[in-house]
There are 2 protein chains.
Amino acid sequence: MTENPGSSVRGAALRKLVLDTALERFSRDGYFNTSIHDIRRQAGVSIGSIYHHFGNKEALAKALYDDLLQRMDAGLAEVMQRESGCRARCDGIIAFMFRAATEAPQTMRFVLEARHREFLPDEPPVCSSRPFRRMRECIEQGIQAGEVRPMEIPVAATAAFGGAIRLLHLHLDGVLEKPLAHYLTETQETAWRAIAMPPADYP
Amino acid sequence: MTENPGSSVRGAALRKLVLDTALERFSRDGYFNTSIHDIRRQAGVSIGSIYHHFGNKEALAKALYDDLLQRMDAGLAEVMQRESGCRARCDGIIAFMFRAATEAPQTMRFVLEARHREFLPDEPPVCSSRPFRRMRECIEQGIQAGEVRPMEIPVAATAAFGGAIRLLHLHLDGVLEKPLAHYLTETQETAWRAIAMPPADYP
DNA sequence: TACATTAGAACGAACGTTCGGTACGGTTTT
DNA sequence: AAAACCGTACCGAACGTTCGTTCTAATGTA
């Protein structure tokens, strides 16, 4: 475990340690199955420290949530800046999500699977957070540029990324036989087929 | 409210009343934000009755979960029996889910959004439940029949229904502008485009 | 009478949180 | 330079509340 009885950890390092521990427990057992005392024990810090840094349990979860969403958004922003054109960007977004779910499954689980509204009642739903808005905007631009069929935005956006996201869920639930990367290119191609503008001589 | 102080409700009717109340509260506030005492108060029954019929809180949730999954599976079975051919069945499945999410949003929320593993630790993930297995089988048969492109089953299945399911989530989160039905046919067409076998003279 | 069902007061455990306290570096006062 | 003071960080025993559950008595039903 991450026991740390001597507690040489202080300040910002302690804050980070608590956040890391909270992520591990929240994503594994869920928010309500994890007590502050659990986090205290595993992180090897005191109850007082946790309350000093975060105020209360809900604020700890919110700090974690904001942190992860922002990191995820930064990743997507980097994709959007590196790639140009809707197709390349969609592929990049899907690849990024697959990589994130493989390398940081706990983060992905907490962002994607947790029912945030149950413990953060004032938070808007995940689907209206920055990362998800970015995906929708990408599709909107694709339609305007003529790369993507003209269609209802929600339909296009969910068609483009819904398959990939469901595959992510399967991966996080441990029901996929092969590693995520094995399904990447096929997922990208399939997603694009669903929304791509057909060639001009299409029947 | 569903107050019922006089309590003429007994036996099977009482059991049903408790299940209905539990569904409403679980889907609105979540399992952990709903206490047995809450359900008792709203249903107008006694603590003793609840424990007599269900044993404990977890078993109540499991009874509800099994009930809803079975009802959903029956709906899907009916679609599979009525329709023949992969395309018609996929369309039927998506239409069924849209209808269910519109007419019984609480049911859909509990089946689709709740993190069951957090309160039913011994339950397999939703994605391996009967209804979801049915969807995957439908796609598998489509591939064998030559209606669907030969591809990895998980990719094909998530491509076929992932978009629709994400749209369901958007609907349940209340972020869609128009009623679900408005997006139905476009969702069906888009899903099919993603997985359909291309015509023989395809480049 | 016998059995199944309902009633609700009571209990113990677990939880989130509080609060009086220590430790310590920096700043002001003497 | 020493003393007094201050604010921040950390500690953990203790508190009040809530929750799931139990238990015994009462009640309806056959």
Side-chain angles (χ1 to χ4, degrees), chain A residues 2-23 25-26 28-65 114 116 118-122, chain B residues 2-26 28-65 114 116 118-123:
Chain A
T2 328
E3 281 297 341
N4 181 31
S7 177
S8 54
V9 187
R10 293 176 67 89
L14 187 144
R15 190 187 145 93
K16 173 106 172 49
L17 173 61
V18 171
L19 280 176
D20 288 347
T21 309
L23 171 59
R25 300 299 298 243
F26 285 169
R28 200 187 65 193
D29 303 329
Y31 176 84
F32 292 103
N33 287 323
T34 303
S35 73
I36 292 289
H37 295 270
D38 288 337
I39 295 173
R40 184 213 70 78
R41 195 178 316 117
Q42 179 169 339
V45 303
S46 73
I47 292 277
S49 300
I50 297 179
Y51 276 86
H52 174 74
H53 280 281
F54 298 100
N56 57 43
K57 188 185 180 185
E58 191 177 313
L60 166 58
K62 172 135 175 59
L64 181 59
Y65 184 55
H116 309 101
E118 288 185 14
F119 51 90
L120 298 175
D122 300 332
Chain B
T2 328
E3 281 295 343
N4 179 32
S7 177
S8 54
V9 187
R10 291 178 64 87
L14 186 144
R15 189 189 146 93
K16 174 108 173 49
L17 173 61
V18 171
L19 279 176
D20 288 347
T21 309
L23 171 59
E24 186 193 323
R25 301 298 298 242
F26 285 169
R28 199 188 65 195
D29 304 329
Y31 177 85
F32 292 102
N33 287 322
T34 304
S35 73
I36 292 288
H37 296 271
D38 288 337
I39 295 174
R40 184 212 70 78
R41 193 178 315 117
Q42 179 169 338
V45 302
S46 73
I47 292 276
S49 299
I50 296 179
Y51 275 86
H52 174 74
H53 281 281
F54 297 99
N56 58 44
K57 188 186 180 185
E58 190 176 313
L60 166 58
K62 171 134 176 58
L64 180 59
Y65 183 55
H116 309 103
E118 288 185 15
F119 51 90
L120 298 176
D122 298 331
E123 206 66 13

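Quick note on labels: first sequence line is chain A, next is B, and so on, each numbered from 1.
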Tell me which nucleotide among [options] gets nearest to the side chain of [X].
{"X": "H37(B)", "options": "dT8(D), dG20(D), dT17(C)", "answer": "dG20(D)"}
{"X": "H52(B)", "options": "dG8(C), dG20(D), dT5(C)", "answer": "dT5(C)"}
{"X": "S35(B)", "options": "dC10(D), dC19(D), dT17(C)", "answer": "dC19(D)"}
{"X": "I36(A)", "options": "dC15(C), dT17(C), dT6(C)", "answer": "dT17(C)"}

Round to the nearest Å and state the distance from [X] atom [atom1] to [N] atom [atom2].
{"X": "I39(B)", "N": "dG20(D)", "atom1": "CD1", "atom2": "P", "value": "8 Å"}
{"X": "R41(A)", "N": "dC11(D)", "atom1": "CZ", "atom2": "P", "value": "16 Å"}
{"X": "Y51(A)", "N": "dC15(C)", "atom1": "OH", "atom2": "P", "value": "12 Å"}
{"X": "R15(B)", "N": "dA4(C)", "atom1": "CZ", "atom2": "C1'", "value": "15 Å"}
{"X": "F119(A)", "N": "dC15(C)", "atom1": "CZ", "atom2": "C1'", "value": "17 Å"}
{"X": "L17(B)", "N": "dT5(C)", "atom1": "CG", "atom2": "P", "value": "16 Å"}
{"X": "Y31(A)", "N": "dA14(C)", "atom1": "OH", "atom2": "P", "value": "19 Å"}
{"X": "K57(A)", "N": "dT17(C)", "atom1": "NZ", "atom2": "P", "value": "8 Å"}

Write down the atom of A59(B), the atom of F54(B), and the distance for their closest heavy-atom approach. CB-O, 3.1 Å
For a quick test of reading the model, state the closest non-hydrogen atom pair linking H116(A) to Y65(A) and the distance between them. NE2-CE1, 3.3 Å
Does a side-chain N or O from H53(B) land closer than 4.0 Å to OP1 or OP2 of dT6(C), or not? yes
So, does S46(A) get its side chain near the phosphate of dC11(D), meaning an N or O under 4.0 Å from OP1 or OP2? yes
Output for pair (L19(A) CG, L60(A) CG), nearest 0.5 Å, gives 6.0 Å
Which sits closer to the 5' end of DNA chain C, N33(A) or G55(A), going by the nucleotide each is nearest to? N33(A)
If you assign D38(A) and I47(A) each to the DNA chain C nucleotide with the nearest heavy atom, which residue ends up on the more 5' nucleotide? D38(A)
Which is it for L14(A) and H53(A) under the side chain to side chain contact (heavy atoms under 4.5 Å, CB included) test, yes or no, and what are the steps along the way? CA-CA 9 Å; L14(A) 187 144; H53(A) 280 281; 3.6 Å; yes
Under 30°, 30 to 60°, or over 60°: which ring-plane class applies to F26(B) and Y31(B), parallel, tilted or perpendicular? tilted
